[in-house]
2 protein chains.
Amino acid sequence: MDLVKIYSCLCDRTRLRLLNVLAQGPLCVCHFQAVLGEPQVKISKHLAYLRARGLVVVERSGNWMIYELTPKPSRELRANLACLQDCARENPVFQRDLARLKKLAPKLAESGPCGCATPAK
Amino acid sequence: MDLVKIYSCLCDRTRLRLLNVLAQGPLCVCHFQAVLGEPQVKISKHLAYLRARGLVVVERSGNWMIYELTPKPSRELRANLACLQDCARENPVFQRDLARLKKLAPKLAESGPCGCATPAK
DNA sequence: AATCTATATTCCGTTATAGGTATATAAGAC
DNA sequence: GTCTTATATACCTATAACGGAATATAGATT
């Protein structure tokens, strides 16, 4: 069942945080590291997990890999991501991540696909 | 995070089917067996899993254990169960289970907490 | 008491998952 | 070409999950 695949992606704290941040727009791995405060391996492996199950897609941009939510989500995925967004609204962990994201890349839209012209370090 | 616990419960096919059936009302294990067509151990263990995480509660009624969705779900749980219901609407597996439930216990409300006066066998 | 019925639990084998360390790859800079 | 930077992968260990077989328990019946 496809739902199982979706929920398998959602049943890990790190992946939930990744998806929450991704809901704001595409991002590169280095920014995920900075926002979540987690090591590169961890971020990278969980993104690979999400990618293998079709929740996110990647595109290379020079040295950076830009991840974003899949452009054509299934009905189920769309519904559950919306539900997650709803739950995230009142969750301190998620909100803290979004705050850090805003600080880190306040002009994401202007500075290219993920703002990595000024890499986070 | 509480969400992880919820999604952990949802990332198994059998548990999804159990929750879908439970949305119709309380039910005993023997009826779950009949509706899902799965062995007793499997049903019992997954119900225990759901119970340990607070998604369902149990009450003994003679020889039967009547499971039902927790009467006081968290905001997150309520949202996600509603989302699941929405997804189930168009899912053949879930609908087949509900059809079997209807056939098996068409008068659940009348015949007591789970209709086990006429046990399924 | 013995027995039956419904359900739970224990034990076992297999597979999946998560995190860390170390290493590999791929592109850019020089 | 070498070197650096960003990211991915391999390998290892520990833990959790799943399913099945066998057994245990608790209540009902006789």
Side-chain angles (χ1 to χ4, degrees), chain A residues 1 4-18 26-53 55-68 104-105 112-121, chain B residues 1 4-18 26-53 55-68 104-105 112-121:
Chain A
M1 210 155 12
V4 173
K5 199 173 57 180
I6 293 175
Y7 289 128
S8 298
C9 288
L10 299 180
C11 69
D12 176 270
R13 176 188 158 99
T14 304
R15 287 195 292 268
L16 283 181
R17 293 173 72 196
L18 289 175
L27 210 65
C28 64
V29 179
C30 61
H31 276 154
F32 280 118
Q33 284 179 246
V35 169
L36 301 203
E38 298 280 359
Q40 181 259 326
V41 202
K42 195 169 174 179
I43 301 284
S44 193
K45 281 205 276 193
H46 282 296
L47 285 171
Y49 188 105
L50 294 174
R51 185 188 181 190
R53 285 153 187 83
L55 272 72
V56 305
V57 295
V58 208
E59 182 191 354
R60 177 179 287 275
S61 163
N63 260 337
W64 298 277
M65 301 294 275
I66 316 294
Y67 284 81
E68 66 179 313
L104 202 107
C114 88
C116 266
T118 47
K121 198 56 171 306
Chain B
M1 210 155 9
V4 173
K5 200 173 54 182
I6 294 176
Y7 289 128
S8 298
C9 288
L10 299 180
C11 71
D12 176 90
R13 176 190 158 98
T14 303
R15 288 195 292 269
L16 283 181
R17 294 173 70 196
L18 290 174
L27 209 65
C28 64
V29 180
C30 60
H31 276 155
F32 279 119
Q33 284 179 244
V35 169
L36 300 204
E38 297 280 359
Q40 182 259 326
V41 202
K42 195 169 172 177
I43 300 283
S44 194
K45 280 203 279 194
H46 281 296
L47 285 171
Y49 188 105
L50 294 173
R51 186 189 180 190
R53 286 155 187 81
L55 272 70
V56 305
V57 296
V58 209
E59 182 191 355
R60 177 178 287 274
S61 162
N63 261 336
W64 297 277
M65 300 295 272
I66 316 294
Y67 283 83
E68 66 178 313
L104 201 107
C114 89
C116 265
T118 47
K121 197 56 173 302

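Protein chains get the first letters and strands the later ones, always in sequence-line order, with residue 1 at the start of each.
- A straight line from CH2 of A:Trp64 to P of D:dT4 spans 17 Å, rounded to a whole angstrom.
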Are A:Glu38 and A:His46 close enough, and set up right, to give a side chain to side chain contact (heavy atoms under 4.5 Å, CB included), and what steps lead you there? CA-CA 11 Å; A:Glu38 298 280 359; A:His46 282 296; over 6 Å; no

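- Within the 4.0 angstrom heavy-atom criterion, only backbone atoms of the sugar-phosphate kind lie near B:Tyr67; the bases stay farther away.
- The listed nucleotides are D:dT7, C:dG19, D:dA10; the one nearest the side chain of A:Gln33 is D:dT7.
- Atom C1' of nucleotide D:dA17 and atom NZ of B:Lys5 are separated by 18 Å, given to the nearest angstrom.
- The distance from atom CD of B:Glu59 to atom C1' of D:dA26 is 16 Å, rounded to the nearest whole Å.
- Side-chain proximity of A:Val41 to the nucleotides C:dG19, D:dA10, D:dT7 is greatest for D:dA10.
- Computed from coordinates, the B:Leu16 CG to D:dC18 P distance equals 11 Å when rounded to whole Å.
- Note: A:Leu36 CG to A:Thr14 OG1 = 7.0 Å, rounded to the nearest 0.5 Å.
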Would you check, one step at a time, whether the test side chain to side chain contact (heavy atoms under 4.5 Å, CB included) holds for B:Tyr67 with B:Leu50? CA-CA 10 Å; B:Tyr67 283 83; B:Leu50 294 173; over 6 Å; no

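- When all heavy atoms are compared, the tightest approach of B:Leu27 to B:Phe32 is O-CE1, 3.6 Å.
- Put simply, the side chain of B:Arg53 never gets that close to the backbone of B:Lys5: no donor and acceptor are under 3.5 Å apart.
- Using modelled atom types, one side-chain atom of A:Arg15 and one backbone atom of A:Ser8 make a donor-acceptor pair closer than 3.5 Å.
- The shortest distance between the side-chain N/O atoms of A:Arg15 and the OP1/OP2 oxygens of C:dA18 is below 4.0 Å.
- Atom CZ of B:Arg51 and atom OG of B:Ser44 lie 10.0 Å apart (nearest 0.5 Å).
- A heavy-atom distance below 4.0 Å to DNA chain C is reached by these residues of residues 43-51 of chain A, ordered by number: A:Lys45, A:His46, A:Tyr49.
- Nucleotide C:dA6 holds its C1' atom 14 Å from the CG atom of B:Leu27, rounded to whole Å.
- Taking 3.5 Å as the limit, the base of D:dA8 and the side chain of A:Gln40 contain a donor-acceptor pair of atoms between them.
- Between A:Asn63 atom CG and C:dA27 atom C1' the separation is 5 Å, expressed in whole Å.
- Regarding A:Glu38, its CD atom lies at a distance of 12 Å from the C1' atom of C:dG20, rounded to whole Å.
- Regarding B:Lys42, its NZ atom lies at a distance of 16 Å from the P atom of C:dA8, rounded to whole Å.
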